[in-house]
2 protein chains.
Amino acid sequence: MQDNCFDIALEGGTLISMSAGTGIIDDAFIGIVGENIAKVCARKDSKCAAFQASESIDASGCIIMPGLVNTHTHLPMVCFRGMADDLSLMEWLTKHIWPAEMRFVNKKMVYDGAMLAMAEMILSGTTTFCDAYFYEDSIAEALSAAGMRAVVSQGFADFFMPDKKKADRMMAKARAFVERWQKHAPLITPAYFCHSPYTCSPSTLVTVKDAARESGIQYLIHLLENKDETDIILKRYGKKPVDHLLDLGVLDERTVAVHCNWLDQKDIDVFADLGVKVSHNPESSMKLAAGVAPVPAMLSKSLSVGIGTDGCASNNDMDMFREMDTTAKIHKVTSLDPTVMNAETVCQMATIGGAKVLGLDTFTGSIEEGKKADIIFLDMNQPHLTPLYNCYSQIVYAARGADVRTSIINGKIVMKDRRLTTIDVQAAMRNVRSVAADIMNHNVR
Amino acid sequence: MQDNCFDIALEGGTLISMSAGTGIIDDAFIGIVGENIAKVCARKDSKCAAFQASESIDASGCIIMPGLVNTHTHLPMVCFRGMADDLSLMEWLTKHIWPAEMRFVNKKMVYDGAMLAMAEMILSGTTTFCDAYFYEDSIAEALSAAGMRAVVSQGFADFFMPDKKKADRMMAKARAFVERWQKHAPLITPAYFCHSPYTCSPSTLVTVKDAARESGIQYLIHLLENKDETDIILKRYGKKPVDHLLDLGVLDERTVAVHCNWLDQKDIDVFADLGVKVSHNPESSMKLAAGVAPVPAMLSKSLSVGIGTDGCASNNDMDMFREMDTTAKIHKVTSLDPTVMNAETVCQMATIGGAKVLGLDTFTGSIEEGKKADIIFLDMNQPHLTPLYNCYSQIVYAARGADVRTSIINGKIVMKDRRLTTIDVQAAMRNVRSVAADIMNHNVR
């Protein structure tokens, strides 16, 4: 009998489990106990015939799928959404983004921005994300309140002015940050983030990687976002960026390379050998005119590739459904081959693939017994989702964030019928509008 | 006093008029009389201080903008949404789309598909569209019921088997179609659509253009969607597609060339000289791996370029907000230049630019006194639209169809607070699901 007692029971709907073993189940049943998925089966399955549940949710007419995994973003940049668009990269950075960051980024702005960004993410189907910014303690605090799953990455960038004392101080703070939050894993998982090979000295890249290895955490780095990064690193070190990182010994299966728009086949082979993970952010790279990552070549070498929205200053939204649609389409058109990436592959990248990139695939990214309950429901009874021939096609090419009706993270209902249960949306918007009003008054835009 | 009597008064909100004269008005007032916009001003403007209106709509917290203009679609193909994706063009066409069309396209399917597609379009902010398919009478009938504005284009494709008698019969039917619907202009405007230079013989291309000229209507043609079209036409006629059409005399300011992915600079110069219009369908061309149209080069020659979603079998949605986002981003990344197309330009293409393409710019595409009242409201009080620095950026990069709260077409409220007033959405979905069930039972997918 105890086997059939659940805290939450989800009944009906079509389950897209993203687990090879479970596949797709029509008229599904999911039983949740505490944080965990305790039972997954078809409703007609006798094992679920008699059950007790504190809360039961009717999912008929819905697709039930794992919550989406956004593998790269900078939450507080939501405060800069639409502040300065359609500009050259250098004008955007030096005249708008950096001055705004210098003046306005503080603990409160980071917390407020993170809260609004999390509202947007839950409302559009994301349950797990990876953030990289400053004041990651504030992100983690906002995260605790909102009840999302995330990797929070403490950022490093020394701009080649390595000050040993300062570096030691930063590293000590970062270690304390990791220690503080590591006990909240796998809901909150700390990580390190070296900004890039062109903003971090070799000693910083290596020191941080050593510390990451010590703590067994992910090590993120922006890599080859723009074409000219190769020339910069070649000029500085006499080798290309991936070779530079390879020689420094910072590439392994816990390294997440973000963007990778200008990776060549040799680089992909190196990544495949070492198990380096990739975060693909197509919309940001399109909007910044940075380039298109060779994802089909990566997938054919079995690299783990996840999808990310990047920060809101360069996208300008955090809707992973849009990002899936764009992922499928951009690789078809750049290769002039519509078979190069199908909808199911893209769904995998946005769920279990992303979870692998973040080192969280034993906990999330698919719906199977024993995993944490990170689950979203899409309301399929809508004109733009009619008719339904193929669930993967519908999810990738027709669904959008606004179709997510209900969301469960770590066994807790964080959105029900489009209402958030953990975030005060009006307050979150008010707080960010107040940051934006300050920015507008100070003319940095 | 009579000057201040309106059927509908819209009060508050930020008006993005897309009219050079009116620009952007904060806290706006719009007065509608019958089908027409009678008054546009700021609410504080004394001219609007005392007014009477049968219905008053509070638009505070909204962006008010012209309804979007979808310059190219095939409505009934909504029945094939997601039926066969991620395939090579020839497999898609010959094994799936053409067999399904042969067996399942009839007047009822066209009517039912059109109704669902119109529900989707209104729900995502489109007020005017241009359709091209078979049984256009059924489209026009559905259109009359739904109250949208559209150009309905009767299709021609002789596949190089010109049968004079059959051709005469088709032309007579097409003339009757035009005569029947021309009296409903500018709400329903008939047009002719020659499928392409590779499916229509020269005599059909010329005969149909002559008839279009006689009736003073638009003449649409798919052109250079795929790279190999140039080789096909070169082989057949010894000249490239645009030269072929130029020599046939079918290019003028009432010709709308759809796709144009492989137009070269010389072709663009020809179009500029003759005033040929272009419909740009980026998402469809990405998904089919057809190519990317050289839109920045077209705009620099002052061509009229509108945006279209194409049919639902190749997109797979009709959300013009998504299409705007993709338009801006795809040209930035293919040129590696983020300044190549800004958000305001994209907004123009999706509104007044599209209206110009369809020959309807004296009636729609912008909000100004004397034009027809085709107006949408975006609910800006949402996390993903917060904060607001720049309306154009927000519309193009962050807004989505689901943000449209209310829609007015030709002075009539067709959607209020997300509820359609002219279409029975549940019936529309049911009817298309029944078509899809037939298709699934017959194994053409």
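Both backbone and side-chain heavy atoms feed into the values below; hydrogens, waters and symmetry mates do not. Nothing here was measured: the structure is a model prediction, and the numbers come from that model.
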**OP:** Mind listing the closest non-hydrogen atom pair of B/Arg81 and A/Thr386 along with its distance?
**Re:** NE-O, 3.0 Å
Original post:
Where on B/Ala328 is there a heavy atom nearer than 4.5 Å to chain A: the side chain, the backbone, both, or neither?
Top reply: neither
Original post:
Rounded to the nearest 0.5 Å, how far does SG of A/Cys79 lie from OH of B/Tyr389?
Top reply: 6.5 Å
**OP:** Search all heavy atoms of A/Ala402 against all heavy atoms of B/Ala402 and return the closest pair with its distance.
**Re:** CB-CB, 3.7 Å
Subject >> Non-hydrogen atoms of B/Val333 and A/Ser285 that approach each other most closely >> reply: CG2-O, 3.8 Å
**OP:** Could you tell me which non-hydrogen atom of B/Thr339 sits nearest to which non-hydrogen atom of A/Leu87, and how far apart they are?
**Re:** CG2-C, 3.9 Å
Original post:
B/Lys332 and A/Asp86: which non-hydrogen atoms are nearest, and at how many Å?
Top reply: NZ-OD1, 2.7 Å
Subject >> Residues forming a salt bridge (charged side-chain N to carboxylate O under 4.0 Å, His left out) with B/Glu283, sequence neighbours excluded >> reply: A/Lys329
Original post:
If you measure from CG on A/Asp85 to CD on B/Gln394, what distance do you get to the nearest 0.5 Å?
Top reply: 9.0 Å
**OP:** Please round to the nearest 0.5 Å and tell me the distance separating atom CZ of B/Phe321 and atom CZ of A/Arg400.
**Re:** 10.5 Å
Original post:
So, for B/Ser88 and A/Pro338, which heavy atoms are closest and what is the spacing to 0.1 Å?
Top reply: CA-CG, 3.6 Å
Original post:
What part of B/Ala399 is in contact with chain A, defined as an atom under 4.5 angstrom from a non-hydrogen atom: side chain, backbone, both or neither?
Top reply: backbone
Original post:
A/Ala428 versus chain B, heavy atoms under 4.5 Å apart: side chain, backbone, both or neither?
Top reply: neither
Original post:
Of all of A/Gln382, A/Met318, A/Arg322, A/Met341, which one pairs up most often with chain B through heavy atoms under 4.5 Å apart?
Top reply: A/Arg322
Original post:
With a 4.5 angstrom heavy-atom cut-off, which part of B/Asp403 approaches chain A: side chain, backbone, both or neither?
Top reply: neither
Original post:
Relative to chain A, which of B/Glu120, B/Arg433, B/Lys227, B/His384 shows the most heavy atom pairs under 4.5 Å?
Top reply: B/His384
Original post:
In terms of heavy-atom pairs under 4.5 Å with chain B, which of A/Gly401, A/Ala398, A/Ala290 leads?
Top reply: A/Ala398
Original post:
Based on non-hydrogen pairs under 4.5 Å, which of B/Ser434, B/Ala436, B/Ala437 is most in contact with chain A?
Top reply: B/Ala436
Original post:
Going through the checks in order, is the salt bridge (Lys or Arg N to Asp or Glu O under 4.0 Å) test met by A/Lys287 and B/Asp325?
Top reply: CA-CA 9 Å; A/Lys287 180 156 173 281; B/Asp325 188 25; over 6 Å; no
Original post:
Highest number of heavy-atom pairs under 4.5 Å with chain A: which of B/Gly291, B/Ala119, B/Ser124?
Top reply: B/Gly291
Subject >> Pairs of heavy atoms under 4.5 Å with chain B: top-ranked of A/Asn226, A/Val78, A/Leu385 >> reply: A/Val78
Original post:
Between B/Asn315, B/Thr326, B/Ile330, B/Val425, which shows the greatest number of heavy-atom pairs under 4.5 Å with chain A?
Top reply: B/Asn315
Subject >> Option that, when pairs with chain B are counted at under 4.5 Å, heavy atom only, ranks first among A/Val396, A/Asn381, A/Asn342 >> reply: A/Asn381
Subject >> Among B/Asp317, B/Val432, B/Leu123, side chain to side chain contact (heavy atoms under 4.5 Å, CB included) partner for A/Pro383 >> reply: B/Leu123
**OP:** Using non-hydrogen atoms and a 4.5 Å limit, figure out which bit of A/Leu336 sits close to chain B: side chain, backbone, both or neither.
**Re:** both
